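One structure is given below, encoded as structure tokens.
Not measured: the values here are computed from a predicted model.
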Amino acid sequence: MKYEHKPIEQRWQQAWEEAGIYHAEAHSDKPKFYALIEFPYPSGQGLHVGHPRSYTALDIISRKRRMQGYNVLYPIGWDAFGLPTENFAIKNHIHPIEVTRKNVARFKSQLQALGISFDWSREVNTTDPSYYKWTQWIFLQLYKHGLAYKKEMAVNWCTSCKCVLANEEVVNGVCERCHSEVVRRVKSQWMLKITEYAQRLIDDLEMVDYPDRVKAQQINWIGRSTGAEVDFTTTTGDTLTVYTTRPDTLFGATYMVISPEHPMIEKLSGVIENREEVRSYQEAASKKSDFERTEMAKEKTGVCIKGVSAVNPVNGREIPIFVSDYVLVSYGTGAIMAVPAHDTRDWDFAKKFGLPIIEVVQGGEDVQQAAFTDCATGVLVNSDFLNGLSVEKAKARMIEELEKTGKGRAKVNYKLRDWVFSRQRYWGEPIPIVHCPCCGTVPLPETELPLKLPEVESYEPTDTGESPLAAMTDWVNTTCPKCGGPAKRETDTMPQWAGSSWYFLRYMDPHNDQALASKEALAYWSPVDWYNGGMEHTTLHLLYSRFWHKFLYDIGVVPTPEPYAKRTSHGMILGENGEKMSKSRGNVVNPDDIVNEYGADTMRMFEMFLGDFENAAPWKSSSIKGCRRFIERYFNLLSVMTPEETIRPEMEAVMHRAIKKVSDDVEGLKFNTAIAALMALINDLTDTGSVTRGELRVFTILLSPFAPHVAEEVWHEGKLGEGFAAQAPWPVYDESKCVEDTIEIVVQVNGKVRDKLTVPADIEQAAALEQAKKSAKVQVFLDGKTIVKEIYIKGKLVNIVVK
RNA sequence: GCGCCUGUGGUGAAAUUGGCAGACACGCUGGAUUUAGGUUCCAGUCCGAAAGGGUGCAGGUUCAAGUCCUGUCAGGCGCACCA
């Protein structure tokens, strides 16, 4: 019988579906296991080879868990709102609903062809009104708790998408999605107060099992810093508050800098002598894109504000105030005290404008030549009561002094900004808010959810910065839920991150129309036990959803403070040339071609065998054959199977070791070495020319999470057991059977291998050494030398050190 | 600048965490089966005749280092005028 993947894979996919064996049970006495992968955006390109890497990995885990007696939830859905769909729809004059429906159908068939054991009965779609009803509901709760607010502010505006972007979506000054220029625009935007959760988002990382690199990146992004706010008075009698992480250097402040957007400029415009100069600088700064403004190593620019100066609160010294765009309005107080001796940016600025540089921390080179920024070794000088203190102590002492005199206070700051939550596009969740001329901003009553997107012909983005929904007057004009008078709907929609911030909750109870999920379902399934996804979402989706979940926890909707107990991250699959796969590079591989030619089982094995799951791995088409060959060799075992139900004694140790190796490696995401172990095992089995039914049964179970279709076929053809292979109990290894009676140990002389001995596995030091010294090969190197030291590592080696 | 990761045969990679470097696979070489081979099977395959030498480079710790420490080079990822 020849291995033919197509009929085998079709047959079992259908049989599993009909039997519904991958459906999670709503109630069960079994322990629960919730495995989650990042649900895909159903793009027009279809499935990418990167998708199956993640999906197959957790499929293997999920299948193993089922076989270990867990009630497993491994769901799938569609993160289907988003710009590519909308743009495609506009270009081709097809409604986004229709585009989405088609793309979903394609993705679905592609995923089903891979034999991923998703529970398709719980499929969700973020664009489904019965789904986004609850996205809108969560928004209303955020609004009611003061965490959603509308604010006029400078935002990132993508010139191509014609839409605002969150800070997280701007990469190197360009749009993360389309790589077009991002400029600053002042707009009224809906914001979510993620900053309110900054500290908890850091602290609670302690409660979860995430890779260190993920935690580090989130902590970095949140960017906590500790320091002090210091109040400077101005010669006009106003207060200018700055934030600094180096209050110890306050005596070295020789000038101040405020950002071009700082409100003080407006306030003091009457006394500023060089108003025009300042104003034109402000204008120039506002025209710059984020990229221009933050470009590295650029020349500092600025203007000295004439007619007003600041007074250093600790020494009464009067110092000039500058306006410069190297100070950001969005961080701290938008104003700084400049200590050029100990800050490189201030130093650059001071040098350019000829400002004094006063050393207050000793220990570096000449501060006139370069700023000395090392906090660890310096000692304070020129600083009155701080003189002689270490930087660390001086910081504490200064804060104490400031608090005592009321001129400042300890302060913690975060780089994290609030989340810009509105988008000026059609294909997103409408924000359920009404603007009433009498009542102001009015939330839609929950009973009116979902607020559906209007079905219209045209939804092109506008250049004016208004959402396309604004043009749909029938929809926009409404009545105020509060006073009943005429009012207008909010026309911005939510970003794509909205629907994905809570989708894992919906899977727990996907058809509930009373709540986003029932209390019972949430209590049973929470938290997600294992979430695998890409590193690229670390400071986007992963952070956003942790924020939403914490909020939902606070208002009593969900039972756990963290959504995901364990997070792992797969590496990217690169093109065969080692570069990122992309159309322009011409190195894209279509997963359909592999599935057609070699079969889903080979495709799955191959992607898992590629390399370390957590690191990037280049595609290597030549090794697909190796996986296919392995599956064929396995399939052919059927023809040499003998009817014995037992495992032959000489196979016992290799068998148990393979069970242990595969079981452990799967848990540690070491799929490549788990497969290597299966390959080694089949080599051992085929060396003997035959296999017993008992051996083939164990092998089939071990293989089935990786290559479920062929395993199922062999299970039935070989009559290896009742029911499906996919439901067979996972084998348990016997530690005592993993070891052979005799082992080989290495004998080294001075660290060099000189002989290998076959000895009883439990041999003790004295016996091992004695036998080692008897070896003729070893004696050559001992001859005429004195033994200085003898080392014995049990079961491994003997090392004799001679002189 | 800050944070993180990687560097091992011709190739993708392993190495029980300090104990035989190169498992497993691809490729290649030779042989067998076959009318044929882009099939299957068997043998070989880090370099070197050997002694020996080999994990980006230079040191160090250790009986023993791919693994630990110091320095350095190269590549990648994230953040970045965050005071």
What do you reckon, is NZ of A/K794 surrounded by more than 12 foreign heavy atoms closer than 6.0 Å?
yes

Can you tell me, in whole Å, how much space there is between the C1' of B/G54 and that of B/U70?
23 Å

By nearest-heavy-atom nucleotide on RNA chain B, the more 5' of A/T245 and A/V801 is A/V801

Find the distance A/R633:CZ to B/A25:C1' and express it as a whole number of Å.
11 Å

Look at the side chain of A/K796 and decide which nucleotide, out of B/C20, B/G19, B/G3, has an atom nearest to it.
B/G19

At under 4.0 Å, does any side-chain N or O of A/S225 touch on OP1 or OP2 of B/A83?
yes

With syn defined as a glycosidic angle within 90 degrees of 0 and anti as anything else, the base of B/G27 is anti

Side chain of A/N799 only, heavy atoms from C-beta on: which candidate in B/C24, B/C41, B/A64 is closest?
B/A64

If you find the nucleotide of RNA chain B closest to A/N672 and the one closest to A/I793, which residue's nucleotide is nearer the 5' end?
A/N672

If you apply the rule side-chain contact (heavy atoms from CB on, under 4.5 Å), what do you find for A/I202 with A/Q218, and how did you get there?
CA-CA 8 Å; A/I202 295 174; A/Q218 290 207 344; over 6 Å; no

Indicate, with a heavy-atom threshold strictly under 4.0 Å, whether A/N683 touches base, sugar-phosphate, or nothing.
sugar-phosphate

Could you tell me how far B/A23 sits from B/G9 if I compare only their P atoms? Round to whole Å.
14 Å

Is it true that A/S639 and A/N636 share a donor-acceptor pair across their side chains at a distance under 3.5 Å?
no

Assess whether one donor atom and one acceptor atom, taken from the side chain of A/K415 and the base of B/C79, lie less than 3.5 Å apart.
no

Say we look at B/G53 and B/G37: how far apart would their P atoms be, to the nearest angstrom?
46 Å

When you check the phosphate oxygens OP1 and OP2 of B/G52, does a side-chain N or O of A/R754 lie under 4.0 Å from one of them?
yes

Would you mind telling me which of B/A14, B/G12, B/A83 lies closest to the side-chain atoms of A/L328?
B/A83

Nearest to the side chain of A/K620 - B/G12, B/C24, B/A83?
B/G12

Syn-anti status, with the boundary at 90° from 0, for the nucleotide B/U17
syn

Between A/W619 and A/F606, does the ring centroid distance fall short of 6.0 Å?
yes

I would like to know whether A/D346 and A/D348 meet side-chain contact (heavy atoms from CB on, under 4.5 Å); could you show each step before the answer?
CA-CA 5 Å; A/D346 296 347; A/D348 290 345; over 6 Å; no

With sugar-phosphate meaning primed atoms plus P, OP1 and OP2, does A/Q748 contact a base, only sugar-phosphate, or nothing at under 4.0 Å between heavy atoms?
base

Mind calculating the distance between NZ (A/K2) and P (B/U40) to the nearest angstrom?
10 Å

Classify the nucleic acid contact of A/K794 as base, sugar-phosphate or nothing, counting any heavy atom under 4.0 Å across all strands shown.
nothing

Using a heavy-atom cut-off of under 4.0 Å over every strand shown, decide if A/I791 touches base, sugar-phosphate, or nothing.
base

Separation of the C1' atoms in B/U16 and B/U11, to the nearest angstrom
26 Å

Please determine if a side-chain N or O atom of A/K789 lies less than 4.0 Å away from the OP1 or OP2 oxygen of B/A64.
no

Value in whole Å for how far the C1' atom of B/G3 lies from CZ of A/R224
17 Å

Taking the side chain of A/P618 as its heavy atoms from C-beta onward, which of B/C79, B/A23, B/A13 lies nearest to it?
B/A13

Any chance you could lay out the ring-ring contact (aromatic ring centres under 6.0 Å, His included) test for A/F322 and A/F353, step after step, and finish with the verdict?
CA-CA 10 Å; A/F322 282 77; A/F353 288 86; 5.5 Å; yes

Applying the Watson-Crick and G-U criteria (both distances under 3.5 angstrom) with [ ] for crossing and | for other-strand pairs, one obtains for RNA chain B (((((((..(((......[....)))((((((.......))))))((....))..(((((..]....))))))))))))....

When you measure from the side chain of A/Q217, which nucleotide among B/C4, B/C81, B/G78 comes out closest?
B/G78

Quiz item: A/K756 side-chain donor-acceptor pair to B/C20 base, under 3.5 Å
yes

Using a cut-off of strictly less than 4.0 Å, decide whether A/Y331 has a side-chain nitrogen or oxygen near OP1 or OP2 of B/A83.
yes

Determine yes or no for a side-chain-to-main-chain donor-acceptor pair under 3.5 angstrom, with A/T195 supplying the side chain and A/R417 the backbone.
no

Within this structure, what is the CD-CZ distance for the pair A/E607 and A/F613, rounded to the nearest 0.5 Å?
10.0 Å

Using atom CG of A/D687 as one end and atom C1' of B/C41 as the other, report the distance to the nearest whole Å.
12 Å

Walk me through it: do A/Y326 and A/S259 pass the test side chain to side chain donor-acceptor pair (under 3.5 Å)?
CA-CA 7 Å; A/Y326 85 90; A/S259 78; over 6 Å; no

Tell me what A/Y414 touches on the nucleic acid: a base, only sugar-phosphate, or nothing, going by heavy atoms under 4.0 Å.
nothing

Distance, C1' atom - from B/A64 to B/A15, rounded to whole angstrom:
16 Å

So what does A/D612 touch, heavy atoms closer than 4.0 Å: a base, only the sugar-phosphate, or nothing?
sugar-phosphate

According to a strict under-4.0 Å criterion, is A/N220 in side-chain N/O contact with OP1 or OP2 of B/A80?
no

B/C57 to B/A74 separation - P atoms, rounded to the nearest Å:
15 Å

Closest non-hydrogen atoms of A/P356 and A/T254, given as atom of the first, atom of the second and distance, are O-OG1, 2.9 Å

Could you measure between the two P atoms, the one in B/G38 and the one in B/G31, and give it in whole Å?
15 Å

Of all the nucleotides listed (B/A80, B/C24, B/A83), which has the minimum atom distance to the side chain of A/W221?
B/A80

Please confirm whether the backbone N or O of A/R53 pairs with a side-chain atom of A/T56, one donor and one acceptor, at under 3.5 Å?
no

Kindly label the base of B/A23 as syn or anti, based on whether its glycosidic torsion lies within 90° of 0.
anti

Measure CG/A/D684 against C1'/B/C24 and give the value in whole Å, please.
12 Å

How is A/N413 classified with respect to the nucleic acid when contacts are heavy atoms under 4.0 Å: base, sugar-phosphate, or nothing?
nothing

B/C24 versus B/C73 - spacing of their P atoms, nearest Å:
39 Å

B/C26 phosphate, OP1 or OP2: any side-chain N/O from A/R629 under 4.0 angstrom?
yes

As a test of reading the structure: which of B/A83, B/C20, B/C4 is closest to the side chain of A/V753, going by heavy atoms?
B/C20

Atom NZ of A/K625 to atom C1' of B/U39: distance rounded to whole Å?
12 Å

Residue pair A/L637 / A/T686, side-chain heavy-atom distance below 4.5 Å:
yes

Between CD1 of A/I787 and P of B/C63 the distance, given in whole Å, is 16 Å

Starting at atom OH of A/Y634, determine the distance to atom C1' of B/C24, rounded to an integer number of angstrom.
19 Å

